[in-house]
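Everything on this sheet refers to the single structure shown next.
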Amino acid sequence: MIEQVKGTQNIYQNESEKFLHVRQCFFDVFNNSGYSYIQTPHLEHSELFEKSIGENSEIVSKQMYQFNDKGGRTLVLRPEGTSSIVRYHAQNQKELTNQYSYFGQMFRYENPQKNRYREFTQGGVEIIGNLDSFSDFQVINDSIRFLNNLNLTFTLEINTIGSIDDRELYSKELYTYFKTHEDDLSDESREKLELNTLRILDSNNSLDSKVIQDAPVISNFINDISSQKYESLKSLLSNNNINFKENTRLVRGLDYYNDLTFEFINDDGVVLGGGGRYDRLAEILNIGSFNGVGVAFGIERIMNIIDIKNKSPKVYIIGIDIDKISRLCKLLDQNNINYSKPPRLSKINSQFKNAKNLGAKYVVNTDEDTIKDLENNTSIKFNVEVLIDN
RNA sequence: GUGGUCGUAGCUCAGUUGGUUAGAGCACCUGGUUGUGGUCCAGGAUGUCGCGGGUUCGAAUCCCGUCGAUCACCCCA
């Protein structure tokens with residue numbers, strides 16, 4: 001037996017129904033709201049993510065599937081989607097402002113658990129180019145429509161983390177503060193002190209909560225322009241009856257964000273999706289200077305909380321005479337009628353039972369040339385017109 | 001990367017202090033019954049007991065390692 005790779009999934013049956021449902025819903029909402037689907041490579045040069053996400057982020061330092069190909073290139077399986085789209089935009093669309101959507105597999109070398117896999121699916125959108133508050137608004141607003149269409153309940157949390165310069169200043173201040181309270185911090189938080197000070201704010205270790213409570217707040221370090229933008233987005237959301245919760249400790253994991261950050265969180269605290277503004281990413285990559293805002297959803301996380309019933313076939317054909325049943329297939333094909341069928345011609349009783357279990361509406365018995373309506377249990381002579389009329 | 005729990009048939013699980021040829025239910029297959037068909041009867045196929053080593057006359061069972069699943073930490077979507 002060859003085992004499958006750790007942290008990967010086979011998505012099938014009820015799970016694949018959910019997957020296709022979420023994907024359908026994703027494209028129905030976003031691709032009918034101005035976004036164009038883009039598919040970028042799963043392989044990228046390591047350099048792209050080292051620069052964009054940040055070299056001392058956990059994703060880059062520990063979690064990338066990285067290897068050298070036979071031409072000596074250092075490549076990775078992409079750990080996220082935004083950087084590739086920014087790279088594309090710089091290559092081909094630098095002067096324009098575009099709305100992109102993407103949906104596909106990402107790879108991170110993590111220890112798997114619920115809602116976290118090594119190969120997983122993200123769907124998201126990005127607006128890249130010259131942006132304003134309406135750009136931010138629509139990404140959030142369209143995201144809400146997507147989640148609502150899936151009948152999910154969630155909370156929108158937002159924050160502003162200011163410019164990258166603001167954040168550096170704040171980070172230094174925070175470092176000084178935590179350094180003096182080092183003894184009161186949990187082991188995990190103490191580890192983060194040197195490289196990732198900001199993330200200590202995210203800790204849900206009760207040991208840390210008291211120290212965090214009295215820590216300097218980011219709002220005191222935000223520059224005026226960023227604050228104004230944040231205020232105007234908040235009033236834009238309020239004016240449109242969009243509920244949100246401000247969370248001044250919402251610091252997202254990727255280094256390239258500035259100003260706006262937001263997350264959609266369900267009742268169990270699972271982050272279904274998140275995003276924010278990344279106005280300096282192109283500069284960090286040294287490929288241009290344009291703004292960006294985007295969101296990404298964890299498709300498996302959504303699949304894990306929705307519940308859908310399997311689709312039932314409308315017409316199921318059975319029979320043990322291979323000539324008769326194949327003739328019927330061709331007849332239905334010619335009339336462009338969809339139908340389900342047994343994988344092979346087993347015992348007629350089994351075939352009938354199978355049709356019933358799948359919840360078929362009509363069963364056509366090609367041995368007898370009859371069609372049965374399983375809902376009201378009536379059987380009549382089969383005539384293709386009956387199906388065409390239905 | 002760290003820690004807890006767990007790996008026996010496609011699925012859910014039994015399997016005694018180590019003891020013949022490893023079991024049940026569901027699902028599946030065949031024949032019959034029913035014939036308005038889904039019921040019922042009879043029979044059938046299916047396992048590297050996660051993998052590798054060790055102890056033993058003998059291991060699904062005990063020990064070690066390893067792989068995987070799951071949950072949590074960490075991290076994140």
Side-chain angles (χ1 to χ4, degrees), chain A residues 1-10 12-13 22 53 56-64 78-82 102-124 143 147 154 186-192 195-196 199-200 202-208 250-254 262-266 269-276 294-305 316 318-320 342-360 363 365 367-368 370-380:
Chain A
M1 195 62 170
I2 297 171
E3 273 166 1
Q4 85 180 74
V5 175
K6 180 171 179 170
T8 62
Q9 329 168 65
N10 299 300
Y12 185 52
Q13 294 186 326
V22 174
I53 303 174
N56 51 20
S57 71
E58 191 116 336
I59 293 175
V60 169
S61 61
K62 297 183 190 164
Q63 300 179 345
M64 290 213 292
R78 62 179 184 186
E80 61 106 40
T82 302
Y102 66 97
F103 196 100
Q105 264 67 10
M106 308 295 161
F107 304 84
R108 290 182 197 173
Y109 191 89
E110 297 190 80
N111 229 340
Q113 64 185 62
K114 191 173 191 181
N115 291 322
R116 191 171 76 184
Y117 312 91
R118 289 187 171 181
E119 178 178 3
F120 61 103
T121 315
Q122 279 191 351
S143 294
L147 295 173
F154 58 88
S186 65
D187 294 348
E188 297 84 34
S189 290
R190 221 172 300 135
E191 273 174 38
K192 284 187 260 185
L195 281 177
N196 224 340
R199 296 221 61 91
I200 298 176
D202 247 0
S203 164
N204 35 25
N205 190 318
S206 53
L207 266 177
D208 297 325
L250 179 62
V251 197
R252 293 185 48 77
L254 288 65
F262 60 90
E263 284 183 351
F264 298 96
I265 304 170
N266 86 341
V270 178
V271 178
L272 304 175
V295 64
F297 294 97
I299 302 304
E300 287 83 1
R301 291 182 175 186
I302 292 172
M303 284 163 61
N304 285 343
I305 52 173
Y316 195 98
I318 63 173
I320 52 171
R344 67 189 190 88
L345 305 184
S346 59
K347 191 172 138 172
I348 195 78
N349 221 15
S350 306
Q351 294 185 32
F352 189 87
K353 206 160 96 181
N354 197 239
K356 182 69 190 178
N357 287 340
L358 290 171
V363 172
N365 185 331
D367 292 339
E368 298 176 349
T370 57
I371 177 165
K372 178 163 190 173
D373 184 335
L374 284 178
E375 278 167 17
N376 51 32
N377 246 3
T378 55
S379 190
I380 58 168

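Reminder, nothing fancy here: chain letters follow the sequence lines and each chain counts from 1.
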Do [X] and [Y] have side-chain heavy atoms sitting under 4.5 Å apart?
X        : Y        : value
A:Asn365 : A:Phe352 : no
A:Phe120 : A:Arg301 : no
A:Ile305 : A:Asn266 : yes
A:Asn111 : A:Lys6   : yes

Side-chain N or O of [X] closer than 4.0 Å to phosphate OP1/OP2 of [N]:
X        : N     : answer
A:Ser346 : B:C29 : yes
A:Lys114 : B:A72 : no
A:Thr121 : B:A77 : no
A:Lys372 : B:G37 : yes
A:Gln113 : B:A72 : yes

With both distances kept under 3.5 Å, what pairs with [N], Watson-Crick or G-U wobble?
N     : value
B:C73 : B:G1
B:G44 : B:C28
B:U56 : none
B:G65 : B:C51

In whole angstrom, what separates [X]'s [atom1] from [N]'s [atom2]?
X        : N     : atom1 : atom2 : value
A:Arg118 : B:A77 : CZ    : C1'   : 17 Å
A:Met106 : B:A77 : CE    : P     : 11 Å
A:Arg108 : B:C75 : CZ    : C1'   : 9 Å
A:Asn115 : B:A77 : CG    : P     : 13 Å
A:Asn304 : B:U70 : CG    : C1'   : 13 Å
A:Asp367 : B:G35 : CG    : C1'   : 13 Å
A:Lys6   : B:G68 : NZ    : P     : 5 Å
A:Glu110 : B:G1  : CD    : C1'   : 11 Å

Suppose you measure atom [atom1] in [N] against the same atom in [M]; what distance do you get, rounded to whole Å?
N     : M     : atom1 : result
B:C62 : B:G58 : C1'   : 13 Å
B:C6  : B:G19 : C1'   : 27 Å
B:U55 : B:U61 : C1'   : 13 Å
B:A22 : B:G47 : P     : 11 Å
B:A14 : B:G1  : P     : 32 Å
B:G65 : B:C29 : P     : 45 Å
B:C13 : B:A60 : C1'   : 14 Å
B:U8  : B:G15 : P     : 14 Å

Subject >> Whichever of A:Leu345 and A:Tyr109 has its nearest RNA chain B nucleotide further upstream toward 5' >> reply: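 Nearer the 5' end of the strand: A:Tyr109.
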Original post:
Taking for each residue the nucleotide of RNA chain B with the nearest heavy atom, is it A:Arg344 or A:Ala296 whose nucleotide lies nearer the 5' end?
Top reply: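 Its nearest nucleotide lies further toward 5', so the answer is A:Arg344.
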How is [X] classified with respect to the nucleic acid when contacts are heavy atoms under 4.0 Å: base, sugar-phosphate, or nothing?
X        : answer
A:Gly275 : nothing
A:Gln351 : nothing
A:Asn357 : nothing
A:Tyr117 : base
A:Glu300 : nothing

Can you find a donor-acceptor pair, distance only, under 3.5 Å between [X] side chain and [N] base?
X        : N     : value
A:Arg116 : B:C75 : yes
A:Arg301 : B:C76 : yes
A:Lys347 : B:G31 : yes
A:Asn349 : B:U34 : no

Subject >> Criterion side chain to side chain contact (heavy atoms under 4.5 Å, CB included) on A:Thr8 and A:Tyr117, from CA distance to verdict >> reply: CA-CA 6 Å; A:Thr8 62; A:Tyr117 312 91; over 6 Å; no
Original post:
Would you find more than 12 non-hydrogen atoms of other residues, nucleotides or ligands less than 6.0 Å from A:Ile348 atom CD1?
Top reply: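 Count over threshold, so yes.
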Original post:
Which nucleotide, B:C74, B:U39, B:G1, lies nearest any side-chain atom of A:Lys353?
Top reply: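 Looking only at heavy atoms from C-beta outward on A:Lys353, the closest nucleotide is B:U39.
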Original post:
To the side chain of A:Ile348, which of B:G37, B:G1, B:C76 is closest?
Top reply: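 Minimum distance to the A:Ile348 side chain belongs to B:G37.
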**OP:** Test side chain to side chain contact (heavy atoms under 4.5 Å, CB included) on A:Asn115 and A:Glu300 and set out the steps.
**Re:** CA-CA 6 Å; A:Asn115 291 322; A:Glu300 287 83 1; 5.8 Å; no
Subject >> A:Phe120 ring over B:A77 six-membered base ring, under 5.5 Å and 30° >> reply: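 Yes; by the centre-distance and plane-angle rule, A:Phe120 counts as stacking on B:A77.
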Original post:
For A:Leu374 and A:Tyr316, what are the C-alpha separation, side-chain angles and deciding distance, and is it a side chain to side chain contact (heavy atoms under 4.5 Å, CB included)?
Top reply: CA-CA 11 Å; A:Leu374 284 178; A:Tyr316 195 98; over 6 Å; no
